[in-house]
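I have placed the structure first, in the form of structure tokens, so that the comments after it can refer back to it.
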Amino acid sequence: MKNDSAEKIIANINKNVKNKQWVCLIEGCEKPAINSHMLQRNGILNNVAENFHVCEVKAIDVYAWKDKNLPKDILQIKAVGILHSHAYPTLCSSHDTAIFKPIEIHPVNFKNYKNSLLFAYRTLISLYRKEQIVLEKDSRMVNSQVLQSNLEAKMELEKISKRLKIQNHLLELRKKDMESIASDLESVSESFVNYCFDYPPLKVYASGSLLCPEMLEHVFINIFPYNERTFVLLTTRKTESNWKSEFINSWKDLEEQQFKKRLTGFLTRQCENWGISPLIAENLNPDLRSKLYSARTEFLTNPSSILDPNLISPFSIF
């Protein structure tokens with residue numbers, strides 16, 4: 001899509017979707033959604049931040065892509081203000097406050113079933129809204145008559161059209177999980193199982209989910225520093241699966257260096273929503289930065305490694 005008119009249309013679509021006012025995800029609520037953090041700012045994200053900033057791997061401005069080796073040369077470690085990091089417009093202010101109040105009061109007991117479930121729920125609704133936003137952008141591009149008449153854009157639009165079906169199916173799976181978790185939070189039922197591992201402190205945060213290929217069920221993952229430890233919270237449905245067992249065990253009883261390489265592998269090849277402290281970013285030498293960008297590029301161009309339940313990186317960024 002190198003045509004100037006096509007680029008302007010895509011830029012306008014991105015801008016309009018970004019400025020769209022989304023409503024609360026709670027069924028029946030029509031109040032506007034606020035920008036809510038996937039992991040709470042107080043007590044977690046501020047443990048990673050330096051001078052109210054964290055660092056995330058992001059692409060450079062699209063207008064600077066010309067003559068770049070895509071996608072490797074467009075990646076950068078960028079400082080992001082803590083108010084805007086790791087956040088999506090998910091719930092209205094009232095629901096956001098009421099639902100997540102138990103894990104906003106410190107200290108948090110991560111081995112409590114509903115507390116751990118709340119972390120998974122916050123990740124789930126954030127991913128659901130993020131995928132809705134992507135779906136909105138893709139749908140607008142596919143429905144653009146100007147883009148459809150652009151020969152260079154048409155081939156890309158055909159790929160996007162096929163992707164829309166996958167996105168819609170993924171949203172259906174997310175919706176099913178949202179309903180199940182919401183039901184558990186309001187009752188004594190326990191449809192999920194939580195795992196909690198802790199390791200020496202690292203200034204890193206991550207939230208995501210992996211889809212078990214055997215059963216098309218999600219494993220929700222949250223990683224963050226808290227009370228001088230790094231916690232790994234895993235949540236999934238109470239069903240048995242070799243893949244899920246291997247993935248869960250890949251985080252269990254690791255030596256410190258093993259944990260750092262397992263964590264690096266997860267961040268670079270299995271997770272989209274993560275960040276590190278500016279101090280860690282500053283201490284990355286050119287060789288580690290190159291390895292980080294190469295691993296991230298491989299994930300973006302060939303995401304097959306996302307299915308490896310035992311993925312360990314040959315290097316550590318910590």
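If you read the sequence from its start, that first residue is 1, and numbering goes on from there.
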Report summary line: When rounded to the nearest 0.5 Å, the distance separating CG of N168 from OG of S139 is 7.0 Å

Query - Side chains of Y195 and I221 in contact at under 4.5 Å (non-hydrogen atoms) - result: no

Query raised in the report: Atom CG of N35 and atom CG of L91: how far apart are they, to the nearest 0.5 Å?
Result: 11.5 Å

Report summary line: Residues G43 and Y226: closest non-hydrogen pair is O-CD1, 3.4 Å

Query raised in the report: What pair of heavy atoms forms the shortest contact from E228 to P201, and how long is it?
Result: O-CD, 3.4 Å

Query raised in the report: Hey, does T97 have a side-chain heavy atom less than 4.5 Å from the side chain of E104?
Result: no

Query - Result of checking I26, I34, I125 against H95 for side-chain contact (heavy atoms from CB on, under 4.5 Å) - result: I26

**Report entry** Rounded distance [0.5 Å steps], SG in C55 versus CD in E282
**Finding:** 7.5 Å

Requested in this report: Kindly indicate whether the side chain of M141, heavy atoms from C-beta on, has any atom under 4.5 Å from the side chain of I10.
Outcome: yes

**Report entry** For the student: nearest non-hydrogen atoms of P278 and V54, plus distance
**Finding:** CD-CA, 4.1 Å

Query raised in the report: What is the distance from atom CD1 of I276 to atom OG1 of T264, rounded to the nearest 0.5 Å?
Result: 9.5 Å

Query raised in the report: Thinking salt bridges, do K130 and E272 make one under a 4.0 Å N-O criterion?
Result: yes

Query raised in the report: Do the side chains of L202 and I312 join up, straight or via other hydrophobic residues, at under 4.5 Å, putting them in one cluster?
Result: no

Query - Heavy-atom side-chain contact between L170 and H218 under 4.5 Å - result: yes

**Report entry** Distance-only polar pair, side chains of N273 and Y88, donor-acceptor under 3.5 Å
**Finding:** yes

**Report entry** Side chain K114, main chain L185, donor-acceptor under 3.5 Å
**Finding:** yes

Report task. Nearest 0.5 Å please: distance from the CG atom of L157 over to the OG atom of S144. Result -> 7.5 Å

Report task. Please assess I77 against R289 for the test side-chain contact (heavy atoms from CB on, under 4.5 Å), listing each intermediate value before the final yes or no. Result -> CA-CA 9 Å; I77 298 177; R289 281 180 181 257; 3.6 Å; yes

Requested in this report: Let me see the working for T236 and F192 under side-chain contact (heavy atoms from CB on, under 4.5 Å), right down to the final yes or no.
Outcome: CA-CA 5 Å; T236 188; F192 295 80; 5.7 Å; no

Query raised in the report: For the hydrophobic clusters of this structure (ILVMFWY residues joined by side-chain heavy atoms under 4.5 Å, transitively), does one cluster hold both L263 and L279?
Result: no

Query raised in the report: So L288 and N285, side-chain contact (heavy atoms from CB on, under 4.5 Å) or not? Walk me through it.
Result: CA-CA 5 Å; L288 276 178; N285 60 43; 3.5 Å; yes

Query raised in the report: Is it true that a side-chain atom of Y128 and a backbone atom of T123 form a donor plus acceptor pair closer than 3.5 Å?
Result: no

Requested in this report: Compare every heavy atom of L307 with every heavy atom of P309, then report the nearest pair and how far apart it is.
Outcome: CD-O, 3.1 Å

**Report entry** Shared hydrophobic cluster for L233 and M38 (ILVMFWY, side-chain gaps under 4.5 Å)
**Finding:** no

Query raised in the report: Is a donor on one side and an acceptor on the other found under 3.5 Å between the side chain of D96 and the backbone of C92?
Result: no

Query raised in the report: Under a 4.5 Å side-chain heavy-atom rule over Ile, Leu, Val, Met, Phe, Trp and Tyr, are L164 and V17 clustered together?
Result: yes

Requested in this report: Using side-chain contact (heavy atoms from CB on, under 4.5 Å) as the criterion, point out the one residue from F119, Y113, F110, F220 that pairs with N194.
Outcome: Y113

Query raised in the report: Distance-only, no hydrogens or angles: does the D184 side chain make a donor-acceptor pair with backbone N or O of S191 under 3.5 Å?
Result: yes

**Report entry** Heavy atoms of other groups near H106 NE2, more than 12 under 6.0 Å
**Finding:** yes

Query raised in the report: Do F247 and F197 belong to the same hydrophobic cluster, where Ile, Leu, Val, Met, Phe, Trp and Tyr are linked whenever their side-chain heavy atoms lie under 4.5 Å apart, directly or via other members?
Result: yes

Query raised in the report: Is there a donor-acceptor contact under 3.5 Å from the side chain of R296 to the main chain of L267?
Result: yes

Requested in this report: Locate the shortest heavy-atom distance separating S94 from K31; write the atom from each residue and the value.
Outcome: OG-NZ, 3.7 Å

**Report entry** Donor-acceptor contact present, side-chain T301 to main-chain T297, <3.5 Å
**Finding:** yes

**Report entry** Donor on one side chain, acceptor on other, S209 and R174, under 3.5 Å
**Finding:** yes

Query raised in the report: Has K78 got more than 12 heavy atoms of other residues, nucleotides or ligands less than 6.0 Å from its NZ?
Result: no

Query raised in the report: Just by distance, do the side chain of Q270 and the backbone of I306 share a donor-acceptor pair under 3.5 Å?
Result: yes

Query raised in the report: How about S241 and E214: does a side-chain donor come under 3.5 Å of a side-chain acceptor?
Result: yes

Requested in this report: Check whether more than 12 heavy atoms from other residues, nucleotides or ligands sit under 6.0 Å from atom CG of N19, and answer yes or no.
Outcome: yes

Query raised in the report: Side chains of T90 and W22: closer than 4.5 Å at any heavy-atom pair?
Result: no

Query raised in the report: Taking it one step at a time, do N16 and R140 satisfy side-chain contact (heavy atoms from CB on, under 4.5 Å)?
Result: CA-CA 10 Å; N16 291 335; R140 291 191 186 197; 3.5 Å; yes

Query raised in the report: Which heavy-atom pair separates H37 from L83 by the least distance, and what is that distance?
Result: CE1-O, 3.5 Å

Requested in this report: Using a strict cut-off of less than 4.0 Å between a Lys/Arg side-chain nitrogen and an Asp/Glu carboxylate oxygen, indicate whether K176 and E172 qualify as a salt bridge.
Outcome: no

Requested in this report: Check whether any side-chain N or O of S316 sits under 3.5 Å from a backbone N or O of K261 as a donor-acceptor pair, and report yes or no.
Outcome: no

Query raised in the report: Counting N and O atoms only, with roles assigned by atom type, does the side chain of Q40 sit under 3.5 Å from a partner on the main chain of I103, one being a donor and the other an acceptor?
Result: yes

Query - Neighbour count above 12 (heavy atom, 6.0 Å) for E27 CD - result: no

**Report entry** Salt-bridge present (E158, K162; N to O < 4.0 Å)
**Finding:** no

Query raised in the report: Under 4.5 Å between any side-chain heavy atoms of E50 and K203, yes or no?
Result: yes

Query raised in the report: Is the Y199 to F231 ring centre distance short of 6.0 Å?
Result: no

Requested in this report: Flag the pair Y205 / F224 as yes when their ring centroid distance falls below 6.0 Å, and as no otherwise.
Outcome: no

Query raised in the report: Regarding S180 and R237, is there a side-chain donor-to-acceptor distance under 3.5 Å anywhere?
Result: yes

Report task. Would you indicate whether the side-chain heavy atoms of T268 and F299 approach each other to under 4.5 Å? Result -> no

**Report entry** Distance flag, aromatic centroids of W251 and F266, threshold under 6.0 Å
**Finding:** yes

Query raised in the report: What's the spacing between K291 NZ and F315 CZ if we round to 0.5 Å?
Result: 7.0 Å

Query raised in the report: Is a donor on one side and an acceptor on the other found under 3.5 Å between the side chain of N302 and the backbone of E298?
Result: no

Query raised in the report: Regarding N222 and S207, is there a side-chain donor-to-acceptor distance under 3.5 Å anywhere?
Result: yes

Report task. Flag the pair V193 / L234 as yes when at least one side-chain heavy-atom distance between them is below 4.5 Å, and no otherwise. Result -> no

Query raised in the report: When you look at S85 and E56, which way does the side-chain hydrogen bond (donor to acceptor under 3.5 Å, both in side chains) test go after all the steps?
Result: CA-CA 8 Å; S85 65; E56 299 177 349; 4.6 Å; no

